[in-house]
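Notes for the one structure printed next.
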Protein chains: 2
Amino acid sequence: MASSCFADHLGDFVALTPTERDAIHRLEERERILRRTGILVRENDRAGELFILKRGMMMSYVLLDDGSRQILRFLFPGDMMGVASIAYALSPETIVALTDCTVCPFECGALAQLMTEHPRLGAAIMVLHQMERVSLTDRLVGLGRTSAKVRVASLLLELRNRMRRFDPEIGSSFVLGLTQEEIGDATGLTAVHVNRMLRQLEDDGLIGRENGRVLFRDEVRLARAANYVDRFEGLDLSWLPAAR
Amino acid sequence: MASSCFADHLGDFVALTPTERDAIHRLEERERILRRTGILVRENDRAGELFILKRGMMMSYVLLDDGSRQILRFLFPGDMMGVASIAYALSPETIVALTDCTVCPFECGALAQLMTEHPRLGAAIMVLHQMERVSLTDRLVGLGRTSAKVRVASLLLELRNRMRRFDPEIGSSFVLGLTQEEIGDATGLTAVHVNRMLRQLEDDGLIGRENGRVLFRDEVRLARAANYVDRFEGLDLSWLPAAR
DNA sequence: CGCAAATTTGAACGTAGTCAACAAGTGTGG
DNA sequence: CCACACTTGTTGACTACGTTCAAATTTGCG
C-alpha cells in the first residue's frame, strides 16, 4: 500500500477509498530533501509548483521594506504548501525549512487532474483550505485585538496541538523549535518582549521552560487565557459528494 | 441570458462557457434582501449555507470576550460568503450588511454538484479562495508589522480598489461608507486613533475628506506609503483544466 | 574549548490607548 | 417645525503597552 502523508492528513476527516488514496499518492511521486534554513520558495520568485510537506517543520513569511518580517504560518507534515501559485505567477511569500525536511513538489496540472477525476477530493482539499483560512483569521484577530501575553500563549498552544496531530507522544511538554525572535515575528512582537511575556507566563504558573522545552503547567487556564479555539474540531463534512 | 454576479466576477479571470455560466447561475436562484445592519450569519450559529453577495456592501467580524471586535473582511458584489460552512458546523464569524443588500443563499450540496459537473469551475473557485487568502495574509502583515498610519492608508486604498471593480465610475474620490470605529475594528486601532491618522494623512497632503467622502490627492505616494499590493493583478490561471 | 547565536534584564522612549469634553450631524416624536 | 436623543467625529491630557538600545549571560555548535 502506497503511503501518503497528505492522504493521512485528509483521512483524519474523510474516509478515503483505496482509489482516492492512490490518486493522492500521485502528488507525492517526487521527493526533495531540504536542510534546515533551506528556502523552498522565495517571495516574488516564479511559482508554478505546489508542495506536500512530508517530514519536518517549515514556515512561510513575508519581508517588509524596513527589514521586518511577518511569519504567516507554521507548516507540519501533511500540509499543502505554496498553494498561492494556483492563482499567482509570483509567490507572495517565502517558504523555509525550520528543521531538515522532505517535501513532495507537484504541478498545478496534477491538482487539476485530481479535481477532475476525483471531485470529492477536490472538495475535501477545499475544506482543508478553509480550515487554514479560519486559522488565519484567528491569528488576525489575535494580532488586531489581543495583548502580547495572550498572543504568545496562543501560539504555544497552537504549535503544541499541531505537533501532537502527527506525534501523539507529545503531551503537556514539547520542544518548541523556534527562537524567541521567530515567536516575535509570528506574533507581531519584538524578541525582547516575547522574552518578557514568556517569563510572565512562567511567573503566572502557566508554563515551565528549560532549554527550548516548554511545559504546560495548567493547560485549562492557559487555553482560557489565550482564548484558543482548536480548528480541527467542530467539523461537518457531510455535504461532500460521493467518492468516484 | 441569465445574469450572475458571481459569474461576472469569475469571468474577469476565466473565460466562461455559456454552460458554465448557466451552472453558476443556479447558485443564485434564490434571493434574500437584507437591510443595513441586518445580520446574515451569526458567529457560532449553525451554518449550512453559503452566499453570493449580489448587491450592497457587507463585512464579516469576530467578537471577543472583552467586547472588542475584529473585522475580518469587507464584502462586495460577486463575493462568496460564509464559505467556512463547508468545513464547520458552526459559523466562526458574523456576517452583517453595511448597506441594504441582496444575497443569494445556496447549499453546500449545490457547490458539490457544481464541482462534480464542472471541475474547471471548482478549480476557478479555489483560485478565488486563494486570492482571498493572500489578501488576508496581507492584512496579517499589516497588523503585525506596520504602523497605524500605514494600516489606515492601506485600508482606504483597498476599499477604493475593490469598489472600483464593480463601479468603474469611481476615480480618486469615493464614499467610504464606514464609521471611524469600523475602520478601527478592521485595522486593530481605536476610533480615536483612526481619527488622528486620517488627520495626519490629510495634513501630509495624501488625502482629502468631506462628510464621508475620501479623495486621494497623491495616489502614487499613498500607495507607496501603504506598501499596498493589488491582489487582482499578477494572476496566472493557465493551469486550469479544460471546460466541460 | 571558543565563538556566534540566543536569551535575559534594565532603562528610556514612543506609539497607540484611555478618558473626557465638546461639536456636528441625523433621525424621531411631540 | 423644533426639541431632544443618539450616533459620529474631533481634540486634548494623561497613561500604558510594547519598542529600542545596551550590556551581560547562557546556550549550542564546530
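Below, read A as the first sequence line, B as the second, and so on, with proteins coming before strands; counting in each chain starts at 1. Values in this document were obtained by computation on a predicted structure and should not be read as measured data.
Relative to the six-membered ring of A:Phe76, A:Arg165 misses at least one condition, a distance below 6.0 Å or an angle of at most 45° to the axis. Annotation: cation-pi pair A:Arg69/A:Tyr61 present, NZ/CZ under 6.0 Å from the ring centroid and within 45° of its normal.
Rounded to an integer number of Å, the gap from B:Gln200 CD to D:dT10 P is 14 Å. The CG-P distance, from A:Leu178 to C:dA5, rounds to 18 Å in whole Å. Here D:dC21 presents its P atom at 17 Å from NE2 of A:His193, a figure rounded to the nearest Å. The nearest whole Å value for the distance from the CD1 atom in A:Ile183 to the C1' atom in D:dG18 is 16 Å. In this structure, A:Arg199 atom CZ and D:dG18 atom P are separated by 18 Å, rounded to whole Å. At whole-Å resolution of the value, CD in B:Glu181 and P in D:dC6 are 17 Å apart. B:Asn195 places its CG atom 19 Å from the P atom of C:dA20, with the value rounded to the nearest Å. Straight-line distance from the CZ atom of B:Arg36 to the C1' atom of C:dT26: 11 Å, rounded to whole Å.
Contact annotation for A:Gly184: no contact, since no heavy-atom pair falls under 4.0 Å across all strands. Using a 4.0 Å heavy-atom distance criterion, B:Gly212 is classed as making no nucleic acid contact.
In the set D:dG9, C:dT8, D:dT19, the nucleotide with an atom closest to the side chain of A:Arg209 is C:dT8. When distances run from any side-chain atom of B:Thr179 to the nucleotides D:dT8, C:dG17, C:dT8, the shortest one goes to D:dT8. Each of D:dG18, C:dG17, C:dC19 was ranked by its minimum atom distance to the side chain of B:Val192; first place goes to C:dC19. Of the listed nucleotides (D:dG18, D:dT11, D:dT19), D:dT19 has the atom at the smallest distance from the side chain of A:Thr190.
Contact of B:Arg196 with C:dT18 (side chain to base): a donor-acceptor pair of N or O atoms is detected under 3.5 Å.
The pair B:Arg36-B:Asp100 fails the salt-bridge criterion, with no side-chain N (NZ, NE, NH1 or NH2) lying under 4.0 Å from an Asp/Glu carboxylate O. A salt bridge between A:Arg32 and A:Glu49 is absent, with no side-chain N of the basic residue lying under 4.0 Å from a carboxylate O of the acidic one. Note on A:Arg133 versus B:Glu93: salt bridge recorded, some NZ/NE/NH1/NH2 to OD/OE distance being below 4.0 Å.
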